[in-house]
S.K.: 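Quick one: structure below, then a few questions.
Remember, predicted model here, so these are calculated numbers, not experimental data. Note on naming: letters A, B, ... go to the chains in the order of the sequence lines (proteins, then strands), and numbering restarts at 1 for each one.
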Protein chains: 2
Amino acid sequence: MGIVGTTDLKTSGAPIPLYGVDDKLVRELSTALGNGQAATATNLIAEIHGADQADIFERLSPSLRRRFKDLLLDQVQPEFWVNIDEGLRVALFCDMESYKISTLVQKLETDDAVRLLGDLRARDRSEILKCVSEPTRALFEEALCYPEDTAGRLMRREKVTVPEHWKVGDVIDFLTDVDELPEALHNLFVVDPLHSPVGYIPVYKLLGVSREEPISPLIVRDIKVLPVMTDKEEVGLFFRQYGYVSASVVDADGVMLGVITIDDVVTVIDEEAEEDILKLAGVQGDDFYDAVIATTRARISWLLVNLLTVTLSALVIGFFDTEIEKLVALAILMPIVTALGGNAGTQALTVAVRAIATKELTVNNTARTIGKEILVGGINGLILATILLFIVGFWFSDVGLGAVFAMAIIINMVVAGFIGVAVPMALYRSGIDPAVASSVLVTAVTDIVGFFCFLGLAAWLIF
Amino acid sequence: MGIVGTTDLKTSGAPIPLYGVDDKLVRELSTALGNGQAATATNLIAEIHGADQADIFERLSPSLRRRFKDLLLDQVQPEFWVNIDEGLRVALFCDMESYKISTLVQKLETDDAVRLLGDLRARDRSEILKCVSEPTRALFEEALCYPEDTAGRLMRREKVTVPEHWKVGDVIDFLTDVDELPEALHNLFVVDPLHSPVGYIPVYKLLGVSREEPISPLIVRDIKVLPVMTDKEEVGLFFRQYGYVSASVVDADGVMLGVITIDDVVTVIDEEAEEDILKLAGVQGDDFYDAVIATTRARISWLLVNLLTVTLSALVIGFFDTEIEKLVALAILMPIVTALGGNAGTQALTVAVRAIATKELTVNNTARTIGKEILVGGINGLILATILLFIVGFWFSDVGLGAVFAMAIIINMVVAGFIGVAVPMALYRSGIDPAVASSVLVTAVTDIVGFFCFLGLAAWLIF
């Protein structure tokens, strides 16, 4: 057993390395790999959890990763492949022979195997599947028929179910007879004669019960099931909502197809949140381990959209070039109007995007939420405008300019509150992921409205 | 059993309501509450899961929530209180008598009860604890001694552990004798005579094994344990890393104190990701259900910091007022330089903040990551500058201006790549949460550098 950081525990204050991996180990392995000491390197990773082996690999420099591939890849544990960054895994698979990959995927639980296969190109995948023996191949192929990101892909297809009329003894004999029980069999699903789920029995409840007792009173019947085409984001919400450890997946007729367990859902919840964070910042996917060119390509698309919207804003400023020539203070102050509006809009939109993702913001309360955000924007606009009125007063001693500046800020903050909810909601209702396009649209609006209000009001009221 | 959306399942194409809650139910309940029809309202929520009851309550308008409180609050299930938004729960608790709350928390698992109590003010909490009977009160008080956000607060204190030398029969007798088994007892922890965890037995492995067999061969020994002071964010990473369903929590001497189960970790992972998303956007916490004044107060602090940084940028622009007066194109183009830099910086910083949170970005690979981001920024800067050179050439027919503009963009994009990694890493190493302060610092730098480079280069090279 490995108590992680036992020594550190006793010297309070020192940071506790919760993971088997610490920087010292990575440095030692780097040295060993750099010097080509295969035996030393093998020893260093031998006793380590597969997930930690994946972490170590990820932390190496690209050249040392190649060394690792040549010297150590045959010795990693199967969990290495489940935990490693997707981009790095696909790259490693490219250089591996199909039969090796097929041996690997057969060592994994079906849900993990299917996830790994799903990331590969269809041609490589069928090469690998050729080397997989029946009936496992059929299981994989069936699972791969479901679209990515659905419950069908996430579920484990080992179907250990029992009929309702059995006695405790029947269940125990059945479980003892099954060749290989799925790992983590915590709940046993009970089905009716049409193979629809009726409920489940927490396995620990069978302990100490006489073999002659019927299982019926032990069944937890008040369950909810997942249709096989459910989006994986919904699966995450479903598990969070009801606190389940496992849930049965059913087809359109309510027939049970498989089981999703919470450990797979943890990964999903984490990935979905990660995706939302990155999308809101205009990053297409986690590119931390991607090479420079791949990262550049992924990031440029958002910057190009941004180029378009800022060029539009520049056109708006261009309309007012004579006013700016006459009063340079306009050029000095205008970025304040757009920056504050953009930030207020981003605040409102981030809360709205998350509330849509967790189903808290619906059609029912959109109007109420917009009303609230407009009020929040207006009040904060008033506060900021008041402070800025003093600053501008001292700086430029121009009351008219100060008044126009304050008005523009308040208007832009109100618009930001409205747009921050309206844009993501409109995108969502049009079937577009609100996380991916909201930021660019919201800041485009606050920029254009900000410049136009401030410069336009100045042109109208001052000159 | 409730197959959710059974009918919808069969008519393919229609959206499947995965939750018991649909908008129709919320509308019906709103009408019933609005008309004061207590019996109808009670019927509508009677058969509904506590988590769904919480969702319904959240979706009501503030005035109907008050009606719900008066008419229905005594009839909600305990899970209602576990699932409801924290702000709304605290508000409801304010109007409830202490003995009612104490009855409620005693119905919950200790970890949920402690979480609810932890959200209350110390004075209210001790009032409630007075009404809780021993030994539950001692359990609550002990748990509340651990700082918020630690493993000690998350763990369940029901300690069902067995010694290593027992036989299967002993374990079954012991489990049958225990008054009340904790819910979801999937793994049974095995301890040594000093009460340190040795490993665990997945409970289903006990089924069908003869009572006379020793449990020793069934024990999974290769486990990692959580020190009681571990931060809850680390707890989330720990569970994700090793795929555990439950883990034992130990004190500084390795003595087992309790168990954390994955269902509680799901909530933690979700909350931590949510916090990061909101912090990156300058929102202090999920304020979706907060009233206007509370939201305004929470949002203004970030806007005030932003006010400071944009005023600094305005000062930078102010240095170059004579240049802008001579060449208004500078004022028109300068927001493009800062907007592109700000966006590139946000991209780099978001990836970095996530990589720090998941321990992928460490001291070891900071230099490598900065190098990569500088290259990505430089290449994207080149691409954007080339496109903009054409636009500016057509618009202003001024080669010198175009050259200065392109140079400023490339410099600012390179700075953005550097700052996007360096700022969060520096904050992290100083013990500050990188999610909370990175955005404001990064955009402040890209704004100031952007304005200064563009206007400064223009002043130097054009005039």
S.K.: Given heavy-atom pairs under 4.5 angstrom as the criterion, report whether the side chain, backbone, both or neither of A:D287 touches chain B.
M.R.: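 It is both, since atoms from each part get that close.
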
S.K.: For chain A, which of B:A348, B:P202, B:G342, B:G371 has the most heavy-atom pairs under 4.5 Å?
M.R.: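 It is B:A348.
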
S.K.: Taking all non-hydrogen atoms of both residues into account, name the closest pair between A:A281 and B:Q347 and its distance.
M.R.: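 Where A:A281 meets B:Q347 most closely, the heavy atoms are O-CG, 3.3 Å.
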
S.K.: Sort B:N365 into side chain, backbone, both or neither according to what part of it lies under 4.5 angstrom from a heavy atom of chain A.
M.R.: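 Interface part for B:N365: side chain.
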
S.K.: Show the nearest heavy-atom pair for residues B:V376 and A:V292, with the distance to one decimal.
M.R.: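 Heavy atoms only, the tightest pair is CG2-O, 3.8 Å.
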
S.K.: Non-hydrogen atoms of chain B under 4.5 Å away: do they reach the side chain of A:L349, the backbone, both or neither?
M.R.: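 Looking at A:L349, nothing touches chain B.
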
S.K.: Using heavy-atom distances under 4.5 Å, tell me whether A:T309 contacts chain B through its side chain, its backbone, both, or neither.
M.R.: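 It is neither, since no heavy atom gets under 4.5 Å.
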
S.K.: Let me know if B:I383 has heavy atoms under 4.5 Å from chain A in its side chain, its backbone, both or neither.
M.R.: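 Answer is side chain: those atoms of B:I383 sit under 4.5 Å from chain A.
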
S.K.: So for A:R299, is it side chain, backbone, both, or neither that comes closer than 4.5 Å to the heavy atoms of chain B?
M.R.: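 Interface part for A:R299: both.
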
S.K.: Is it the backbone or the side chain of A:D321 that comes under 4.5 Å from a heavy atom of chain B, or both, or neither?
M.R.: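 Contact with chain B is through both the backbone and side chain of A:D321.
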
S.K.: Only pairs of heavy atoms separated by less than 4.5 Å count here; which of B:L188, B:T369, B:T338, B:T350 has the most with chain A?
M.R.: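 Highest number of heavy-atom pairs under 4.5 Å: B:T350.
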
S.K.: At a 4.5 Å cut-off on heavy atoms, which part of A:E79 comes close to chain B: side chain, backbone, both, or neither?
M.R.: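 Neither part.
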
S.K.: Side chain from CB out, backbone as N, CA, C, O: work out which of these in A:T346 comes under 4.5 Å of a heavy atom of chain B, or both, or neither.
M.R.: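 For A:T346, heavy atoms of backbone and side chain both lie under 4.5 Å from chain B.
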
S.K.: Considering only heavy atoms, which portion of B:F320 lies under 4.5 Å from any heavy atom of chain A: side chain, backbone, both, or neither?
M.R.: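 No part of B:F320 comes within 4.5 Å of chain A.
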
S.K.: In terms of heavy-atom proximity below 4.5 Å to chain A, should B:V353 be classed as side chain, backbone, both, or neither?
M.R.: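 For B:V353, neither part sits under 4.5 Å from chain A.
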
S.K.: Within the structure provided, determine whether A:L175 and B:Y204 are in side-chain contact (heavy-atom separation under 4.5 Å).
M.R.: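 A side-chain contact is absent here, since even the closest heavy-atom pair is not under 4.5 Å.
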
S.K.: For B:L280, which atoms come within 4.5 Å of any heavy atom of chain A: side chain, backbone, both, or neither?
M.R.: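 For B:L280, the side chain is the part near chain A, not the backbone.
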
